[in-house]
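Values reported hereafter were calculated over all heavy atoms of this structure, with side chains retained and with hydrogens, waters and symmetry mates removed. Since the structure is predicted, the reported quantities are computational estimates derived from the model, not experimental observations.
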Amino acid sequence: MQDYKSGISARLQNIAERIAQAAIASGRDPSEVRLLAVSKTWPAESVQAAASAGQRAFGESYVQEAIDKLDVLAGLSLEWHFIGPLQSNKTRPVANAFAWVHSVDRLRIAQRLSEQRDVHLPPLQVCIQVNVSGEASKSGVAPDALPELARAVAALPRLQLRGLMTIPEATSDVGLQRARFATLRQLKDGLVASGLLLDTLSMGMSDDLEAAVAEGTTIVRVGTAIFGARA
């Protein structure tokens, strides 16, 4: 177990160094980029190992697995982000157990999260997921439908619209990686120019975080490079 914990600690340090190097190369302050450790499919023990190495924010995609894990780890004061596709009948537990939801892609989901968020909790921090690569298999609102959705979500009570998220197609082409991330940044800039107060870009994963940092990401979502390849 000690070797497992030290391995996660070493990989977290490696990711921190990658983020810092990418930020400095882009003329950015490394502190502008937060690491979200994607712990979906990994047991509570893996989260505990990462938490003991100083990681506080974790991302989950499967509602029941996440709720079970949150219960086990309730004493650790971690920040939980829901990052997966969300069905209407699964919004209630997410609305009240998580601090962030990155995957809002239609108004009905946002409305349910707003209605179901406990009034005694702080506002739920949300990002709108945008399908910047136009893949039929990917969740996310189309870029041309984003402004209308963003204005509607921003008006809902008990939610705070923080920014945008994307999962572009997997590619080793750094130019294409940067182009996709630049699209999301430009969409956010357009919403800010229209009067929305947004400060978050959730983009970049294990294999493309450098391109995301270069294009302005504020949250990178890393799982494989921390916990290993999933079965």
Side-chain angles (χ1 to χ4, degrees), residues 15 18-19 22-23 26 28 32-40 57-62 81-87 94 98-107 109-110 113 124-154 159-194 196-225:
I15 293 298
R18 285 176 61 188
I19 291 171
S26 304
R28 299 183 63 196
E32 296 173 2
V33 185
R34 295 182 66 200
L35 172 61
L36 180 63
V38 178
S39 48
K40 66 178 182 180
F58 292 87
E60 294 285 330
S61 295
Y62 306 112
H81 297 231
F82 192 83
I83 60 175
L86 188 52
Q87 299 170 320
V94 170
F98 285 80
W100 285 71
V101 175
H102 292 230
S103 48
V104 171
D105 62 358
R106 54 198 188 278
L107 183 57
I109 293 295
L113 291 170
L124 182 63
Q125 310 297 293
V126 300
C127 293
I128 293 175
Q129 183 172 351
V130 185
N131 187 346
V132 296
S133 50
E135 296 170 274
S137 61
K138 286 278 173 67
S139 300
V141 64
D144 59 359
L146 173 63
E148 181 180 3
L149 178 59
R151 286 191 293 271
V153 172
L159 301 184
Q160 182 177 359
L161 179 60
R162 293 292 297 272
L164 306 178
M165 181 269 258
T166 196
I167 308 173
E169 73 272 50
T171 176
S172 59
D173 182 338
V174 175
L176 182 56
Q177 291 173 2
R178 289 195 58 165
R180 298 303 194 203
F181 295 140
T183 295
L184 196 72
R185 172 175 46 78
Q186 290 157 5
L187 290 168
K188 171 184 163 286
D189 290 347
L191 293 175
V192 170
S194 75
L196 293 179
L197 300 176
L198 307 181
D199 62 5
T200 299
L201 286 171
S202 171
M203 59 188 196
M205 298 188 286
S206 294
D207 293 334
D208 58 11
L209 70 84
E210 284 84 2
V213 171
E215 294 298 338
T217 191
T218 62
I219 299 177
V220 293
R221 309 178 309 272
V222 177
T224 301

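Ring geometry for His81 against Trp100 counts as parallel: the plane angle stays under 30°, on a 0 to 90° scale with 60° as the upper cut.
Going from atom OG of Ser202 over to atom NZ of Lys188 covers 12.5 Å, rounded to the nearest 0.5 Å. Here the CD1 atom belonging to Ile19 is positioned 9.0 Å from the CD atom belonging to Glu210, to the nearest 0.5 angstrom. How far CD of Gln129 is from CG of Leu86: 11.0 Å, rounded to the nearest 0.5 Å. Rounded to the nearest 0.5 Å, atoms CZ (Arg178) and CG (Asp208) are 12.0 Å apart. Expressed to the nearest 0.5 Å, how far CD1 of Ile109 lies from CG of Leu149 amounts to 11.0 Å. Residue Leu124 holds its CG atom at 10.0 Å from CD of Gln160, rounded to the nearest 0.5 Å.
Shortest non-hydrogen contact noted between Ser61 and Lys40 is OG-CD, 3.2 Å. Glu60 and Ser39 get closest at one heavy-atom pair: OE2-OG, 2.6 Å. Pairing each heavy atom of Gly175 with each of Asp173, the nearest pair is N-OD1, 2.9 Å. The nearest pair of heavy atoms linking Pro168 to Phe181 is CG-CE2, 3.7 Å. Contact record, Ala110 with Val104: CB-CG1, 3.9 Å, taken as the closest heavy-atom pair. Among all heavy-atom pairs drawn from Tyr62 and Phe82, the shortest one is N-CE1, 4.0 Å.
No side-chain heavy atom of Thr200 sits less than 4.5 Å from a side-chain heavy atom of Gln125. With a 4.5 Å cut-off on side-chain heavy atoms, Ile83 and Leu36 count as touching. Within the 4.5 Å cutoff, the side chain of Val33 has no heavy atoms near those of the Leu209 side chain. Looking at heavy atoms from C-beta onward, Met205 lies in side-chain contact with Ile167 at the 4.5 angstrom threshold. Counting heavy atoms from C-beta on, the side chains of Leu161 and Leu191 never come closer than 4.5 Å.
A donor-acceptor pair is defined here as one N or O able to donate and one able to accept, closer than 3.5 Å; such a pair exists between the side chain of Arg28 and the backbone of Thr217. Using a distance-only test at 3.5 Å, with no hydrogens or angles considered, no donor-acceptor pair links the side chain of Thr166 to the main chain of Met203. With hydrogens and angles disregarded, a donor-acceptor distance shorter than 3.5 Å links the side chain of Arg18 to the backbone of Ser206.
In the model, Glu135 has no side-chain atom that pairs as donor or acceptor with a side-chain atom of Ser137 under 3.5 Å.
More than 12 heavy atoms of other shown residues, nucleotides or ligands fall within 6.0 angstrom of atom CG in Asp189. Around CD of Glu148, the count of heavy atoms belonging to other residues, nucleotides or ligands within 6.0 Å does not exceed 12. Within 6.0 Å of CG on Leu197 lie no more than 12 heavy atoms contributed by other residues, nucleotides or ligands.
In summary, Glu169 and Arg180 engage in a salt bridge, as defined by a charged side-chain N under 4.0 Å from a carboxylate O.
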Apply side-chain hydrogen bond (donor to acceptor under 3.5 Å, both in side chains) to Glu32 and Thr218, showing your working. CA-CA 6 Å; Glu32 296 173 2; Thr218 62; over 6 Å; no

